[in-house]
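In what follows, a structure is listed as structure tokens, so that the remarks can point back to it.
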Amino acid sequence: MPELPEVETTRRGILPHLLGRRIRALNVRESRLRWPIPAEVPSVVQGQWVRSVERRAKYILMGLDQGTLIGHLGMSGSMRILTGNLPVPRKHDHFDLLMEEGVCLRYHDPRRFGALLWTDGPADEHPLLAHLGPEPLTSAFDGDGLYALARQRKTPVKSLIMDNQVVVGVGNIYANEALYAAGIHPLRPARRISKARYASLVDEIKAVLTRSIETGGTTLRDYVNGEGTPGYFALRLNVYGKSGESCPRCREPIRTVRSGQRGTFFCPRCQR
DNA sequence: ACTGGATCCTGACTGC
DNA sequence: TGCAGTCAGGATCCAG
């Protein structure tokens, strides 16, 4: 389920349960994720204290006394905190990170596109993290920088903002929504967009992600304590998944095309 | 250097 | 009911 707001919500949800606690065991039931969970990880992490729980892009980074556990939720992954008697694992509950005091972080991922890795060195030097673009909610991501990057690019602007080397954390839903909010056609070649319009696009990306993280907070409690997973954030979607429905702004029917194997939704009248 | 396409995997849904 | 086809929140890899 995860786009960046859900990953951030997950991080905030698991943080208080993991921070300052010691890992009793890592119990792996299915190691075949996006990359196999390396065989040595359980013995390496056992007995270590969790010193930090951070996020970079859509990776969740658990800093240990030695090294960092790197988690990723892929397309269908979720984490929840269990306490007390552990329920029998459901299908696709691939690992449990068992902490002191009966706290358990259980990972569920039907499609197995997620990951759990460990690195000894600085996490940001890990090959998966080393070449990532700026975080979208920091000042390192701005209109001028995006405009400069786009100069040589013929690729559709939607592909550009979903490129993790350009900016991280903009998934398909938010790419569609931010482009709608900025009035930019998703298939417009990246180099054919003015600096002013990129400034607006950056503002809208930040706004939609921020709003989504805020509303995600309301489902947090259920997410980490309750049974099952939440639905989507209580985010008002204008175009994503709204094929054929009328544009909230001009009533024109929302259209959908496929671009880069992803569903692309837009208003042909408002977005140019 | 860029770009589009294939790919990993399971499950939900649609249409016949 | 069953079966085939399509699509889904990600992101890497590879050919051209």
Side-chain angles (χ1 to χ4, degrees), chain A residues 1-11 29-37 55-60 70-80 89-95 107-117 126-133 135-136 146 148-179 186-192 205 208-209 211-213 215-216 219 223 228-235 237 239-244 256-265:
Chain A
M1 336 205 117
E3 290 225 17
L4 182 137
E6 280 179 297
V7 177
E8 176 61 17
T9 301
T10 296
R11 182 191 75 83
R29 281 178 289 270
E30 173 59 85
S31 62
R32 294 174 302 167
L33 304 184
R34 177 74 160 83
W35 298 278
I37 300 173
R55 179 187 60 73
R56 172 73 172 112
K58 292 172 189 163
Y59 295 93
I60 292 175
I70 302 175
H72 196 290
L73 305 178
M75 292 271 255
S76 57
S78 59
M79 292 176 173
R80 47 183 192 142
R90 295 169 298 167
K91 194 177 181 183
H92 306 305
D93 282 346
H94 302 315
F95 67 79
Y107 181 69
H108 182 83
D109 186 3
R111 293 178 72 181
R112 289 194 274 119
F113 288 169
L116 184 69
L117 301 167
H126 188 278
L128 288 171
L129 306 183
H131 302 108
L132 293 173
E135 287 290 323
L146 186 57
L149 269 177
R151 287 311 76 220
Q152 315 296 356
R153 308 284 300 268
K154 285 192 256 194
T155 198
V157 59
K158 177 161 175 271
S159 302
L160 183 79
I161 60 174
M162 291 181 70
D163 181 343
N164 281 332
Q165 312 232 50
V166 173
V167 58
V168 301
V170 182
N172 198 35
I173 294 176
Y174 299 110
N176 279 295
E177 293 297 320
L179 286 162
L187 302 185
R188 173 170 285 274
R191 61 182 181 178
R192 299 282 176 238
I205 289 171
V208 71
L209 290 175
R211 228 180 304 142
S212 184
I213 290 171
T215 57
T219 64
Y223 190 75
T229 54
Y232 275 125
F233 293 115
L235 174 74
L237 298 175
V239 290
Y240 181 80
K242 306 275 186 189
S243 193
T256 176
V257 294
R258 294 193 74 69
S259 168
Q261 271 104 298
R262 313 305 291 271
T264 299
F265 301 85

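Chain identifiers are assigned alphabetically (A, B, ...) following the order of the sequence lines, protein sequences preceding nucleic acid strands; residue numbering begins at 1 within each chain.
Counting to the nearest Å, the C1' atom of dG10(C) and the CG atom of Leu4(A) are 13 Å from each other. For the pair Leu33(A) CG and dA11(C) P, the computed distance is 15 Å after rounding to whole Å. Per the geometry, OH belonging to Tyr174(A) stands 14 Å off P belonging to dA11(C), to the nearest Å. When the P atom of dC7(C) is taken as reference, atom CZ of Phe265(A) falls 10 Å away, rounded to whole Å. dG10(C) atom C1' lies 6 Å from atom CZ of Arg262(A), rounded to whole Å. Between Leu132(A) atom CG and dA11(C) atom P there is a gap of 9 Å when expressed in whole angstrom units. dA11(C) atom C1' lies 14 Å from atom CG of Leu73(A), rounded to whole Å. Look at CZ on Arg258(A): it is 13 Å from C1' on dG5(C), rounded to the nearest Å.
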What's the verdict on side chain to side chain contact (heavy atoms under 4.5 Å, CB included) for Val168(A) and Arg56(A), showing C-alpha distance, side-chain angles and the deciding distance? CA-CA 8 Å; Val168(A) 301; Arg56(A) 172 73 172 112; 3.8 Å; yes
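Between Tyr107(A) and His94(A), the two ring planes are tilted [angle within 30° to 60°].
With values rounded to the nearest 0.5 angstrom, Leu179(A) atom CG is found 9.0 Å from Thr264(A) atom OG1. A distance of 13.5 Å separates CE in Met79(A) from OG1 in Thr9(A), rounded to the nearest 0.5 Å.
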Summarise protein proximity over nucleotides 7-14 of chain B in one line of letters, 5' to 3': B for base, S for sugar-phosphate only, - for none, counting protein heavy atoms closer than 4.0 Å. -BBBS---
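Under the rule for a salt bridge (charged side-chain N to carboxylate O under 4.0 Å, His left out), the partners of Arg29(A) that lie at least two apart in sequence or sit in another chain are Asp96(A). Remark: Tyr59(A) engages no residue in a side chain to side chain donor-acceptor pair (under 3.5 Å) (not counting sequence neighbours).
With DNA chain B read from its 5' end, the first of the two nearest nucleotides for Gly260(A) and Gln152(A) is the one closest to Gln152(A).
Residues Thr256(A) and Val239(A) fail the side-chain proximity criterion, which asks for heavy atoms closer than 4.5 Å. Looking only at side-chain heavy atoms (C-beta outward), His126(A) and Leu117(A) come within less than 4.5 Å of each other. The closest side-chain heavy-atom distance from Arg112(A) to Arg32(A) is below 4.5 Å. Side-chain contact between Tyr174(A) and Pro136(A): absent, with no pair of heavy atoms (C-beta onward) separated by less than 4.5 Å.
If you take atom P in dA1(B) and the same atom in dA11(C), they sit 24 Å apart, rounded to whole Å. Separating the P atom of dT7(B) from that of dG5(C) is a span of 16 Å, rounded to the nearest Å.
No engagement by Gly114(A) is indicated, since no non-hydrogen atom pair under 4.0 Å with the nucleic acid exists. Looking at heavy-atom distances under 4.0 Å, Pro189(A) makes no contact with the nucleic acid at all. Here Arg191(A) lies out of heavy-atom contact (under 4.0 Å) with every strand.
Residues of residues 163-172 of chain A having a heavy atom closer than 4.0 Å to DNA chain C, listed by number: Asn164(A), Gly171(A), Asn172(A).
A donor-acceptor pair under 3.5 Å is absent between the side-chain atoms of Asp163(A) and the main chain of Ser159(A), judged by distance alone.
Across all their heavy atoms, Ile161(A) and Val170(A) have their closest contact at O-CB, 3.3 Å.
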Which dot-bracket notation, 5' to 3', represents the base pairing of DNA chain C when pairs are defined as Watson-Crick or G-U with both distances under 3.5 Å, crossing pairs as [ ], and inter-strand pairs as |? .|||||||.|||||||
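Side-chain contact of Lys158(A) with Ser259(A): a donor-acceptor pair under 3.5 Å is absent, judged by distance alone.
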Any protein N or O atoms within reach of nucleotides 14-16 of chain C? Criterion: under 3.5 Å, listing atom names and distances.
none

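Contact annotation: Lys58(A) reaches the phosphate of dA11(C) (side-chain N/O to OP1 or OP2, under 4.0 Å).
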